[in-house]
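So that the names make sense, note that chain A is the first sequence line, chain B the second, and so on, each numbered from 1.
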There are 2 protein chains.
Amino acid sequence: MTTEAVLKKDIMELIIPADMVANVQTTNPLEHALLVLVKTGYSAVPVLDTAYRLQGVISKTMILNDILGIERIEFEKLSERKVEEVMNRDIPVLKVDDDFLTAIKLAIDQTFLCVEDHEGNFKGILPRSAILKFLNHYLRD
Amino acid sequence: MTTEAVLKKDIMELIIPADMVANVQTTNPLEHALLVLVKTGYSAVPVLDTAYRLQGVISKTMILNDILGIERIEFEKLSERKVEEVMNRDIPVLKVDDDFLTAIKLAIDQTFLCVEDHEGNFKGILPRSAILKFLNHYLRD
Ligand SMILES: Nc1ncnc2c1ncn2[C@@H]1O[C@@H]2COP(=O)(O)O[C@H]3[C@@H](O)[C@H](n4cnc5c(N)ncnc54)O[C@@H]3COP(=O)(O)O[C@H]2[C@H]1O
Ligand SMILES: Nc1ncnc2c1ncn2[C@@H]1O[C@@H]2COP(=O)(O)O[C@H]3[C@@H](O)[C@H](n4cnc5c(N)ncnc54)O[C@@H]3COP(=O)(O)O[C@H]2[C@H]1O
């Protein structure tokens, strides 16, 4: 595989499609998000709104930071707070026709990248493991 | 940069050296490990023994899995349990002279790789971001 072929790689061939991506909704209580993260084992998952549009990302780190008080773990916050109050809205988003080099560059600082089409529909995620698996394959040949 | 040059890259030029790596000890209570993970923001960190030798990795996911009971979050476990009872000992380890291709292959399934010398001394970690940053640089030219 030439370097050209790598740069022309279609990211849609590497993504985890939306129906295989664990996610939570903006209006869910924090407790629900923690349960999804613990049950799936994922550190972070996308947050969608009720119209299934991407709004941000929520992680175990964000939830723990929110409930850890000075004296003790304020776990009553888990039922009082909503995902939208704690999530990170400021995330880079890939479009379905972005090139592979754009994906690598953004993946330097993100453990996974959310992918949308040009109408703003959530199409899935591109995790770092998929990028590394493809690059390993390319460099081996 | 040719593909040859990438494959000959010295991983020691990319690692985070041991003195810059947040870590906990096998004998620490789980509460201490959670505090280190929350304060640093890291999902997981290496676990060293009292002789500073690598023993495994501990993560927020492992700690949360351990303290989440069926009915409630069993926070008292945080002070009762030790890191060594919860950590993952079964981790791949890079040697200082392993090649870059070995690192990429192992990084497909690990968010970071621990690096040791041939006497078993912990030298640091190679996070996925460092591998991606180098590959982005190589593909760009
Ligand atoms: N159930 C499982 N089976 C096999 N390997 C597993 C696994 N859970 C985690 N891993 C491994 O651990 C890495 C880090 O997972 P983490 O949950 O921190 O971070 C994950 C998670 O936050 C998110 N993610 C991955 N797959 C997801 C999915 N189906 N739905 C929602 N989020 C997902 O993307 C991040 C990066 O994923 P990536 O694959 O690069 O990297 C994953 C993968 O290599
Ligand atoms: N304080 C910070 N400043 C800037 N960016 C930050 C950051 N904390 C996290 N990130 C970003 O988020 C990614 C995932 O961090 P995470 O804590 O899940 O997963 C981290 C963490 O578990 C561990 N790690 C990284 N640096 C560490 C250090 N100095 N000491 C101990 N563990 C470290 O290696 C994993 C992969 O790190 P990687 O750099 O590939 O990927 C990092 C990095 O891109």
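- Residues A:Leu135 and B:Ile131 form no side-chain contact, since every pair of their non-hydrogen atoms from C-beta on lies 4.5 Å or further apart.
- When heavy atoms are compared at a cutoff of 4.5 Å, B:Leu35 does not approach chain A at all.
- Counting heavy-atom pairs closer than 4.5 Å to chain A, the top-ranked of the candidates B:Leu64, B:Leu101, B:Leu34, B:Leu37 is B:Leu101.
- The part of B:Leu7 that comes within reach of chain A is its side chain, from C-beta onward, which places non-hydrogen atoms under 4.5 angstrom from that chain.
- Taking both residues in full, the closest heavy atoms of B:Ile104 and A:Leu132 are given as CG2-O, 3.9 Å, listed atom of the first, atom of the second, then distance.
- For a residue to count as touching a neighbouring chain, one of its non-hydrogen atoms must lie under 4.5 Å from one of that chain's; by this rule B:Leu78 touches chain A with the side chain only.
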Step through the atoms of chain A and chain B and list each donor-acceptor pair whose separation is under 3.5 Å.
from: A:Lys60; atom 1: NZ; to: B:Thr61; atom 2: OG1; distance (Å): 2.6
from: A:Thr61; atom 1: OG1; to: B:Lys60; atom 2: NZ; distance (Å): 2.5
from: A:Tyr138; atom 1: OH; to: B:Tyr138; atom 2: OH; distance (Å): 3.2

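- For A:Leu68, the part lying near chain B is the side chain, with the backbone staying farther off; criterion is any non-hydrogen pair under 4.5 Å.
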